[in-house]
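Read the structure below first, then the notes.
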There are 2 protein chains.
Amino acid sequence: MNDITTPTAHMAPVTLRDIAERCQVSKSTVAQALRGQSRLAPATVARVLAVANEMGYDPSFHEGARRLALRKHGREMINHLVALFFPQEYLRIPFFLETFRGIADVLGAAGFGVCVGHVTGTHADGSLLPFPQVMRRGDLDGVIAPGSTLAQGLLDELRASAGFGNRPVVSLFDATAACSNAVADTPGGVREAMRHLLQLGHRHVLWVYYHITEQGPAPVDRYLAACRAMEEFGLAPARHLHLFPFIAEWVNPHTAHHDLAELEAGEAEPAHPLVEYLETHPEITAILAINDAFALHAWYTLHHAGYAIPEDISIVGFDDTDPMRDAHGTNLLTTVRCPLETLGREAGRLLLARITGEAVGEENVLLPTELVVRRSTAKPAE
Amino acid sequence: MNDITTPTAHMAPVTLRDIAERCQVSKSTVAQALRGQSRLAPATVARVLAVANEMGYDPSFHEGARRLALRKHGREMINHLVALFFPQEYLRIPFFLETFRGIADVLGAAGFGVCVGHVTGTHADGSLLPFPQVMRRGDLDGVIAPGSTLAQGLLDELRASAGFGNRPVVSLFDATAACSNAVADTPGGVREAMRHLLQLGHRHVLWVYYHITEQGPAPVDRYLAACRAMEEFGLAPARHLHLFPFIAEWVNPHTAHHDLAELEAGEAEPAHPLVEYLETHPEITAILAINDAFALHAWYTLHHAGYAIPEDISIVGFDDTDPMRDAHGTNLLTTVRCPLETLGREAGRLLLARITGEAVGEENVLLPTELVVRRSTAKPAE
DNA sequence: CTGAAAGCGCTTACAG
DNA sequence: CTGAAAGCGCTTACAG
């Protein structure tokens with residue numbers, strides 16, 4: 001790809017020299033006047049400013065030259081550009097979008113552009129996409145990214161690049177050492193949700209998680225919070241907290257929710273793993289899902305298999321982003337709400353404070369979550 | 001805000017001069033070798049390249065200087081940065097996000113950063129936000145924006161700014177003169193949807209639209225398509241196409257869907273305007289909504305008022321972004337699907353072609369839409 | 001109080 | 001085939 005183009009004729013933009021000529025002063029004087037911090041005669045400053053304004057001088061257009069000149073003296077400029085990195089599929093996930101809104105609002109209000117970058121994007125041949133050029137040449141004043149994304153090596157890559165160095169980074173959703181963090185208290189939300197179920201009388205709960213890691217079912221901190229809540233009620237998690245891994249097809253738009261109705265009409269339906277599991281574990285009376293999408297899929301699946309919600313099984317979601325509406329439009333799903341837009345705002349605020357130098361060290365923000373009790377949870381059947 | 005910071009000690013990045021010294025050649029030679037297009041001795045080129053590589057020379061880090069130097073010769077560089085402008089609330093709208101994904105994918109794969117900009121953002125005091133700095137200084141190679149946004153004056157503002165000039169612009173969703181367009185054939189979708197209803201036997205249809213303009217109910221092109229479809233069946237739109245303006249509270253997350261259930265328990269419920277309208281116009285047997293969210297709200301409202309869907313009223317949505325699921329998770333809403341991610345890809349492709357110079361003039365892409373018939377439409381009751 | 005100078009890191013005519 | 005020169009537009013020491 002040819003990177004250089006010869007543009008169609010442009011009106012030449014106004015430069016310091018143009019102003020200097022018109023004012024009959026030197027370029028240095030104009031530069032000083034424009035920067036404001038000088039011992040020039042007030043009258044000179046006023047005259048230069050007036051002429052600059054009249055000629056339509058646009059300093060932002062010449063920031064490149066300014067940056068270059070400043071390097072000589074070992075100083076850097078704020079570029080008013082930050083990147084928001086995230087895995088490609090996040091643009092489909094409502095809880096990310098709420099956060100995105102908060103970030104974009106705060107940074108936009110401060111005059112910063114927010115550049116989006118997919119970290120897990122791949123070329124057609126499967127090779128990983130490199131960062132866009134903007135992100136590789138010191139244009140970025142800072143970066144916001146989900147903790148999971150940073151943990152995958154993005155942070156190291158950024159720190160190693162000459163263009164980024166030790167500029168500020170804010171981790172979103174999950175706390176990460178070596179940068180600032182803006183996270184919601186999701187373990188607290190899990191604890192509340194579990195207490196809610198236990199207080200209703202449930203004793204065997206199915207924990208629907210993402211995938212297993214060496215440390216346990218991910219996200220591990222939430223799993224541990226669920227365990228602790230059980231222990232508070234004198235229950236041994238090993239016996240009372242049942243584990244069920246989430247299955248990708250549940251929320252894949254091409255496979256989820258589409259086949260149940262068709263199966264009705266057709267041949268014998270294969271048993272859904274979740275239904276099988278519950279049939280062999282009749283002591284389970286409640287499901288705690290890692291997000292609303294999983295909760296909804298469990299709900300549809302169980303309804304289809306003849307379970308009544310919440311009479312036979314109580315279901316709790318997470319995030320409060322995907323409603324389960326009845327025919328009146330009322331959301332029935334008990335879930336844990338995270339202050340996502342606020343989380344985004346806080347992430348933006350932390351980053352700005354570091355960029356402008358108002359803050360020096362890393363800072364962590366932890367926002368409370370809130371259990372929202374609706375109609376998908378009830379006392380277990382007796 | 002102080003724009004300049006004195007950074008912590010950075011390792012000085014490698015420059016042409018460093019390489020030149022090590023190679024015992026001049027800076028010009030190094031520059032030529034690095035650019036590749038020269039009549040240098042192949043051996044020299046090889047040696048310079050090897051040393052540059054070994055020293056870790058990063059050309060992208062010095063793009064600023066390169067840009068500056070190129071200006072002297074009236075040439076411009078591609079900056080690998082484009083902006084995507086949209087009204088603030090679009091980050092909540094699923095149909096925009098699908099499109100966003102397509103845009104980000106295509107541009108990311110080409111090494112371009114995508115910078116998001118809110119056009120309707122306001123400061124706390126209500127004043128309109130200016131563009132972020134990046135967007136005001138010639139950093140942008142091009143812009144993508146919804147047609148509605150461009151029509152509000154963004155295009156003029158961009159063209160008038162020295163930093164942007166006549167760079168390429170692609171209009172999304174709605175066609176706009178004076179730039180390239182990537183739009184879906186929504187009028188075609190409306191026509192199909194209306195034919196579907198008329199073929200089922202409906203004769204009086206309620207058209208739920210955004211708001212009235214001088215040209216008619218917006219979006220006007222879709223309204224006219226609805227009229228034409230009626231005329232094809234020998235019906236006069238003036239008598240058979242009933243107009244109902246959309247009410248903002250319907251999709252405001254703070255007021256929509258929340259109160260119906262609570263009202264059940266409480267005092268006398270005020271009649272919903274839609275219900276009132278249908279009661280005074282019993283000849284209406286079908287609703288054609290401008291998007292799925294409105295269709296869903298109409299559905300919930302009518303269900304609550306005792307109407308059966310589709311037995312009493314057929315409902316057609318638009319976009320296929322918001323499902324109306326039954327308890328099995330099956331989507332019941334008949335609607336018109338737009339190829340949104342593809343639309344985003346096309347918009348990105350058009351922009352890239354202009355930026356790289358592969359395409360010269362404006363180009364328009366029109367993608368077909370598709371009626372998806374589900375269970376919310378049926379023959380009218382008789 | 002103001003200006004001439006050196007230089008950020010690069011580019012491309014232009015000499016040799 | 002290679003290098004010295006001029007310059008992009010700016011900045012800040014440093015003289016005067």
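Order of the sequence lines sets the chain letters (A, B, ...), proteins ahead of strands, with each chain counted from 1. Values in this document were obtained by computation on a predicted structure and should not be read as measured data.
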How many Å lie between [atom1] on [X] and [atom2] on [N], as a whole number?
X: B/L16; N: C/dG9; atom1: CG; atom2: C1'; answer: 7 Å
X: B/R66; N: D/dG9; atom1: CZ; atom2: P; answer: 17 Å
X: B/H62; N: D/dC8; atom1: NE2; atom2: C1'; answer: 17 Å
X: A/L68; N: D/dT12; atom1: CG; atom2: P; answer: 13 Å
X: A/L34; N: D/dT12; atom1: CG; atom2: C1'; answer: 15 Å
X: A/R17; N: D/dC8; atom1: CZ; atom2: C1'; answer: 11 Å
X: A/D18; N: D/dC10; atom1: CG; atom2: C1'; answer: 13 Å
X: B/R67; N: D/dC10; atom1: CZ; atom2: P; answer: 15 Å

Let's test your reading of the pairing rules: Watson-Crick or G-U wobble, both distances under 3.5 Å, then write DNA chain C as a dot-bracket string with ( ), [ ], | and dots.
|||.||||||||.|||
Look at A/E63 together with A/R67 and state whether they make a salt bridge at an N to O cut-off of under 4.0 Å.
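Salt bridge flag = no for A/R67 with A/E63.
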Heavy-atom nearest nucleotide on DNA chain D taken for B/R47 and for A/T15; more 5' hit belongs to B/R47
Look only at the side chain of B/N181 and the backbone of B/N364, and say whether a donor-acceptor pair between them is shorter than 3.5 Å.
no
Pairing residues for B/F96 by the ring pair (Phe, Tyr, Trp, His ring centres under 6.0 Å) criterion, not counting sequence neighbours
B/F86, B/Y90, B/F100
Going by the rule side-chain hydrogen bond (donor to acceptor under 3.5 Å, both in side chains), which residues pair with B/T176 if we only count those two or more places apart in sequence or in a different chain?
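Scan of B/T176 (side-chain hydrogen bond (donor to acceptor under 3.5 Å, both in side chains), adjacent residues dropped) gives B/S171.
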Would you please name every residue forming a side-chain hydrogen bond (donor to acceptor under 3.5 Å, both in side chains) with B/R354, sequence neighbours left out?
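B/R354 satisfies side-chain hydrogen bond (donor to acceptor under 3.5 Å, both in side chains) with B/E362 once adjacent residues are dropped.
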Should [X] be listed as having a side-chain N or O under 4.0 Å from OP1 or OP2 of [N]?
X: B/Y57; N: C/dC10; result: yes
X: B/T44; N: D/dC1; result: no
X: B/R75; N: C/dT12; result: yes
X: B/R35; N: C/dT11; result: yes

Under the side chain to side chain contact (heavy atoms under 4.5 Å, CB included) rule, collect the residues that match up with B/V365, sequence neighbours excluded.
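Residues passing side chain to side chain contact (heavy atoms under 4.5 Å, CB included) with B/V365: B/E346, B/R349, B/L350, B/L367.
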Which residues share a side chain to side chain contact (heavy atoms under 4.5 Å, CB included) with A/T15, sequence neighbours left out
A/R17, A/D18, A/H62
Nearest of [options] to any side-chain atom of [X]?
X: A/H73; options: C/dG7, D/dT12, C/dT11; answer: D/dT12
X: B/R71; options: C/dT12, D/dT11, D/dC8; answer: D/dC8
X: B/A41; options: C/dC8, D/dC8, D/dT2; answer: D/dT2
X: B/K72; options: D/dG3, D/dA6, D/dT11; answer: D/dA6

Which pairs, with at least one residue in residues 43-60 of chain B and sequence neighbours excluded, count as a salt bridge (Lys or Arg N to Asp or Glu O under 4.0 Å)?
B/R22-B/E54
With a 4.5 Å cut-off on side-chain heavy atoms, are A/Y57 and A/V51 touching?
no
Nucleic acid contacts of residues 20-28 of chain B, taken as heavy-atom distances under 4.0 Å to DNA chain D
B/V25, B/S26, B/S28
If you find the nucleotide of DNA chain C closest to A/A65 and the one closest to A/T29, which residue's nucleotide is nearer the 5' end?
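In this pair, the answer is A/T29.
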For B/E157, check salt bridge (charged side-chain N to carboxylate O under 4.0 Å, His left out) against everything at least two apart and list the hits.
none
